[in-house]
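The structure appears below as structure tokens.
Every chain is numbered from 1, with letters handed out A, B, ... down the list of sequences.
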Number of protein chains: 2
Amino acid sequence: MAWDTERTRQLLLDAAVIEFAAHGPEGARINRVAATAGVNKERIYQYFGSKQKLFVAVLEAELAKLAEAVPLTPTQAMDLGDYAGQVYDYHLSYPHLLRLMSWEALQDPGTEIVAESERAAHYADKVAAVSAAQKQGAVVVDPAAAYLFSAVMAITTWWFTSPQLVSMIMAGTPEDTPANRRASLMQLVGRLVGASNTVR
Amino acid sequence: MAWDTERTRQLLLDAAVIEFAAHGPEGARINRVAATAGVNKERIYQYFGSKQKLFVAVLEAELAKLAEAVPLTPTQAMDLGDYAGQVYDYHLSYPHLLRLMSWEALQDPGTEIVAESERAAHYADKVAAVSAAQKQGAVVVDPAAAYLFSAVMAITTWWFTSPQLVSMIMAGTPEDTPANRRASLMQLVGRLVGASNTVR
DNA sequence: CTAAACTCCAACTGTTCAGTTGGAAATGAA
DNA sequence: TTCATTTCCAACTGAACAGTTGGAGTTTAG
């Protein structure tokens, strides 16, 4: 058969995103990845080495896509509500990543963090941007930037990471829609950072 | 040997909390639960029926403990910052529950929610309490109570549900401690709900 | 054209796994 | 005391699993 090594690898990676997002690194099954990809499972060991290494490759690939899709710019920290809205949009249209990160969160605490140095640098940049916005008066100075940024991440991602809680909590709110969630998110982030239109 | 059926069952449940918190419903191993409990694994099938039913029993038991430890009172909605602090304290001292709920969140979306009616009623009460506080002027009226309550849950639990993100984001904040997290949490919740001391 | 290297496959290995079975030991009722 | 019931156990069953092997087929270099 005609070879297309890169295509085979990508097919496996794409299939692995689906399998790991659904079942996590321990529950995923190598034969299902191979079946979904239409590729022999021996190829997984040839290209990736092991099941856990495949999971790492999947996380690296998907994190790179997020960084590309929602890049950090200095102006974003000046409008964290809008930034939160963009991150929300990304996860709404592409739910696999937060599931993968949730599985990552639940791994053995001793597990090495995937792409840690790149991700830590990325987050350091974001926290620094928030800190700079605090100095410019666009964001309240209390609490520290890292705490503020954490809270923004928390309320942005929660809708996707706790679906069972969301369904129970929002059951009595008939006007609940993704758009209203997004609007409340942006409003609440604005309030957290002290944006002027939220002062009552 | 002297029989103590209830003790055997509780030993298995306690061992299962540890195993499911660490590995989740798919990654957990029945033989490890039995070994940790010091009980034959056949007893698991006798008392609980199956691995998944054991997971459900574990979640039910741990959720009942939370409801008992951090009960809802009407006064709590008048001070959501304090309430958030109490929930934070519970999870800080007892991290298994949020791990179990995180595994629950990642189960197949078609999976029946454990103790759904009780939990939904519990959350409905909480949202109603927030709504009442809004009417009394103790909490801002925008966005709707369910959105506010969701945001409070989000920033309270995030410290425990995203440890890898926390470690990267907080790496550049040397003054980061559980106490400072708690203090920032209460401050941010106060700001979200429009508590008077946060207006700038 | 040939041989080396590479990609890919079906079948395999050794182990693990959830769940079950047949029976031992303890308890309780008659 | 005896028998029925219950609790508990070691070993088992059937299937699943991650990872490996031997070799077929294709590509590339000489």
Side-chain angles (χ1 to χ4, degrees), chain A residues 1-60 100 103-104 106-108 110-112 114, chain B residues 1-60 100 103-104 106-108 110-112 114:
Chain A
M1 68 296 271
W3 294 352
D4 191 337
T5 309
E6 199 42 49
R7 176 175 178 271
T8 303
R9 191 174 186 284
Q10 194 59 55
L11 284 171
L12 289 169
L13 215 43
D14 292 347
V17 167
I18 294 168
E19 180 69 16
F20 282 123
H23 299 281
E26 284 185 88
R29 294 290 173 258
I30 289 288
N31 65 307
R32 286 201 294 255
V33 174
T36 299
V39 171
N40 195 270
K41 74 172 182 166
E42 176 276 334
R43 293 285 80 199
I44 293 172
Y45 298 96
Q46 181 62 38
Y47 291 141
F48 301 99
S50 71
K51 186 180 170 187
Q52 177 66 25
K53 286 174 178 170
L54 177 61
F55 179 64
V56 165
V58 156
L59 253 183
E60 284 174 339
L100 291 169
W103 290 112
E104 175 190 42
L106 287 165
Q107 288 201 283
D108 188 314
T111 306
E112 187 173 336
V114 171
Chain B
M1 71 293 273
W3 292 352
D4 192 338
T5 308
E6 199 42 49
R7 176 175 178 273
T8 303
R9 190 175 185 283
Q10 193 59 55
L11 282 171
L12 289 170
L13 216 43
D14 291 346
V17 167
I18 295 167
E19 178 71 14
F20 282 124
H23 300 279
E26 286 185 87
R29 294 290 173 258
I30 289 288
N31 64 307
R32 285 200 296 252
V33 174
T36 299
V39 171
N40 194 270
K41 74 172 182 166
E42 176 275 335
R43 294 283 82 200
I44 293 172
Y45 298 97
Q46 180 64 36
Y47 292 138
F48 301 100
S50 71
K51 186 180 173 186
Q52 177 66 24
K53 286 174 179 170
L54 177 62
F55 179 64
V56 165
V58 155
L59 253 183
E60 285 174 339
L100 291 168
W103 289 113
E104 175 190 43
L106 287 164
Q107 287 201 282
D108 188 313
T111 307
E112 187 173 334
V114 170

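Atom CD in B/Gln46 sits about 14 Å away from atom C1' in C/dG22, given to the nearest Å. With rounding to whole Å, B/Phe20 atom CZ is found 12 Å from C/dA18 atom C1'. Between the CD atom of B/Glu6 and the C1' atom of D/dC8 there is a distance of 16 Å, given to the nearest Å. Between the CZ atom of B/Phe55 and the C1' atom of C/dG19 there is a distance of 19 Å, rounded to whole Å. Whole-Å rounding puts the B/Lys53 NZ to C/dG19 C1' distance at 12 Å. Computed from coordinates, the A/Leu12 CG to C/dC8 P distance equals 9 Å when rounded to whole Å. To the nearest angstrom, P of D/dT7 lies 16 Å from CG of B/Leu11. The distance between atom CZ of A/Arg43 and atom C1' of C/dC6, rounded to the nearest whole Å, is 8 Å.
Qualifying side-chain contact (heavy atoms from CB on, under 4.5 Å) partners for A/Glu6, counting only residues two or more places apart in sequence or in other chains: A/Asp4, A/Arg9. Applying the side-chain contact (heavy atoms from CB on, under 4.5 Å) test to B/Ile30 and every residue at least two apart in sequence or in another chain returns B/Lys41, B/Ile44, B/Tyr45, B/Lys51, B/Leu54. For B/Glu42, the side-chain contact (heavy atoms from CB on, under 4.5 Å) criterion is met by B/Asn40, B/Gln46, not counting sequence neighbours. For the side-chain contact (heavy atoms from CB on, under 4.5 Å) test, no residue two or more places apart in sequence or in another chain qualifies with A/Ala22. Qualifying side chain to side chain donor-acceptor pair (under 3.5 Å) partners for B/Gln10, counting only residues two or more places apart in sequence or in other chains: B/Asp14. Among residues two or more places apart in sequence or in another chain, the side chain to side chain donor-acceptor pair (under 3.5 Å) test is passed with A/Gln107 by A/Gln52.
Here the side chain of A/Val39 is nearest to one of C/dT7, D/dC8, C/dC9, namely C/dC9. Comparing D/dT6, C/dA18, D/dA18 by their closest approach to the side chain of B/Asn31 singles out C/dA18.
In this structure the side chain of A/Trp103 never reaches within 4.5 angstrom of the side chain of A/Leu59, judged on heavy atoms. Here the side chains of A/Tyr47 and A/Leu13 are not in contact, with every heavy-atom distance at 4.5 Å or above.
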Name the pairs: protein N/O against N/O of nucleotides 20-22 of chain D, kept only if under 3.5 Å.
none

Considering only nitrogen or oxygen atoms on both sides, find all protein atoms under 3.5 Å from nucleotides 14-16 of chain D and state each distance.
none

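Note on B/Thr5: every side-chain N or O is 4.0 Å or more away from OP1 and OP2 of D/dT6. The shortest distance between the side-chain N/O atoms of B/Thr8 and the OP1/OP2 oxygens of D/dC8 is below 4.0 Å.
Residue B/Ala34 is out of contact with every strand shown, counting any heavy-atom pair closer than 4.0 Å.
Pairs of residues two or more places apart, or lying in two chains, that qualify as salt bridge (Lys or Arg N to Asp or Glu O under 4.0 Å) and include a residue from residues 15-39 of chain B are B/Glu19-B/Arg32.
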